[in-house]
2 protein chains.
Amino acid sequence: MQVVRDSETGTERAGLTDRQNAVLESALNLLVEGGEKAVTTAGVARAANCSKESLYKWFGDRDGLLSAMIAYQAGKVRTVDASGDALTSEGLRKNLSAFAHDLLDVLSGEVSLALNRLAIGQTVGKGRAASRGGPTLGRLLEERGRRQIGRRAATLLEAGRRAGFLAFDDADEAYGTLYGLIVTDTHLRMLLGEDPQALKQEFAARAERAVTSFLALYGVDATADA
Amino acid sequence: MQVVRDSETGTERAGLTDRQNAVLESALNLLVEGGEKAVTTAGVARAANCSKESLYKWFGDRDGLLSAMIAYQAGKVRTVDASGDALTSEGLRKNLSAFAHDLLDVLSGEVSLALNRLAIGQTVGKGRAASRGGPTLGRLLEERGRRQIGRRAATLLEAGRRAGFLAFDDADEAYGTLYGLIVTDTHLRMLLGEDPQALKQEFAARAERAVTSFLALYGVDATADA
DNA sequence: CTCCATGCGTACCGTACGGTACGGTTCCGA
DNA sequence: TCGGAACCGTACCGTACGGTACGCATGGAG
């Protein structure tokens, strides 16, 4: 209730004040250039010009802060599905290509990589140690990020099938194939430290090849249509 | 020189004594069930019944210990390339299928996942912080693990091409496609904490589909051969 | 003007970890 | 039998971090 009136400036998100979002932005900067070890409560407070006490009041915990960072960043990703013209065969190809480019772009982003590293580093194999309240960071990232972009792909594939350009039984399976063709092992390699800039050079070619391969596997011959 | 005589029992690896390898084994156990935070020098010493001083004498540093863990585990992976009969079309398919199964098996292994999480968690975005001496843990893992299994795939693909069953220009590109078709996003999801056991159930089906798709993309019609 | 909430800055505390030092024991070669 | 090297167990030190408490400034409400 305390954040209803005093910061209705329009930049709010998920019930957080602008100030708090600014703090999360600072924290993300720290994370990107220093890894998880750089995100100390004192460090975030110093970088954001706020007090540690405020941090604990707002986010309750260091884990709460990390979760808030993930949620905040995920909220910024907007999947622009301008798929109102996926009727022609060429249009479908264009849309698939755009999707491939966007996917590679998102996955190679500094912030995305840093957050994935954070969530993965936090993950434990057997028992759940911390995370008393909410779900695991990894689960959080999966829900907020992957599901989003997956839905865009699903609608695109569904439109393609409805228009008679694609043929598949299981949409998830088809999406998995598309994802694999596009991403291959680049995501892992970037997570392991390989320079994203070096890999970005071949993104365009890879995206085109992936789309071509995908259409070869799941596309119905356009000449036989209509 | 001190490890030449007193431990020639046969289990040595990479210039480490059996005792040291046993310590690394303990450390890996800790890592698997507790994540990176569980691999403390004191914890490893306690679990392995050795002294911290010995740890530092053997591995020099905590980073050295982690590197040694990666090297040790990588040395255990043996790529059994029994590809002496990849002449028939069916043999190639069998070999590809076996490769797919092995790849998914390796990637879903507890130790593999834990080490990947460790290396990824250690990775920093911008500047290299620690790692004064050797390369990054991520790089190490990539060299030792990925290269190994990649080489097996490369020879397999090359044999397939030489026998006239496969057609491709760039072997790396073809391997990338094969990898993507097999793995898709399962590796990432497991790294993020998704239960490997649940995913393993569909490994067999996925492997077969991947091989089929790969052959559809890169295989030449067997009936036109010879 | 007064009161009080919010929040900054800082100091503080407990703990846990990396790394080092020391004493005691075992084992091997001379 | 002696000497020494390796090594275990433990104690120790410095530091860094998570979390808490206190003092002070600001700014809006009554």
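First the proteins, then the strands, lettered A, B, ... as listed; each starts at 1. Note that the structure is predicted; figures quoted are calculated from it, not measured.
For the pair A/Asp61 CG and D/dT20 P, the interatomic distance rounds to 8 Å; values are reported in whole Å. The distance between atom CG of A/Asn49 and atom P of D/dT26, rounded to the nearest whole Å, is 15 Å. The CG atom of B/Leu55 sits 15 Å away from the P atom of D/dT10 (whole-angstrom rounding). Here the P atom of nucleotide C/dC17 and the CG atom of B/Leu65 are 15 Å apart, to the nearest Å. Taking atom NZ of B/Lys57 as the reference point, atom C1' of C/dT20 lies 13 Å away to the nearest angstrom. One interatomic measurement links the two molecules: OH of B/Tyr56 to P of D/dC7, which rounds to 17 Å at whole-angstrom precision. Per the geometry, CZ belonging to A/Arg46 stands 13 Å off P belonging to C/dA11, to the nearest Å. Counting to the nearest Å, the C1' atom of C/dC17 and the CG atom of B/Leu30 are 15 Å from each other.
Phosphate proximity of D/dC8 to B/Ser54: present, with a side-chain N or O under 4.0 Å from OP1 or OP2. Taking 4.0 angstrom as the limit, B/Trp58 places a side-chain polar atom (N or O) nearer than this to OP1 or OP2 of D/dC7. One finds no side-chain N or O of B/Arg19 lying less than 4.0 angstrom from the OP1 or OP2 phosphate oxygen of D/dA6.
Comment: B/Glu202 does not engage B/Arg209 in a salt bridge, judged by the lack of any side-chain N to carboxylate O separation of less than 4.0 angstrom. For the pair B/Glu143 and B/Arg147, the salt-bridge criterion is met [side-chain N within less than 4.0 Å of a carboxylate O].
The main-chain N or O of B/Ser108 is never found under 3.5 Å from a side-chain atom of B/Ser112 such that the two would form a donor-acceptor pair.
Contact annotation: side chain of A/Lys52 to base of C/dG9, donor-acceptor pair absent below 3.5 Å.
Considering A/Glu33, A/Gln73, A/Glu110 in turn, A/Gln73 is the only one that fulfils the side chain to side chain contact (heavy atoms under 4.5 Å, CB included) rule with A/Leu28.
A/Leu31 contributes atom CG, which lies 12.5 Å from atom OG of A/Ser26 (distance to the nearest 0.5 angstrom).
When only modelled atom types and interatomic distance are considered, B/Ser54 and B/Arg19 share no side-chain donor-acceptor pair under 3.5 Å.
For B/Glu53, the listed nucleotide lying nearest its side chain is D/dC8; candidates were D/dC8, D/dG18, C/dC8. Listed candidates were D/dG19, C/dC8, C/dG19. Nearest to the side chain of A/Ser51 is C/dC8.
Closest approach of B/Arg206 to B/Leu181, counting heavy atoms only: CG-O, 4.5 Å.
In DNA chain C, consecutive stretches of 3 or more Watson-Crick or G-U wobble pairs with both distances under 3.5 Å are given as paired ranges: C:1-30 with D:1-30.
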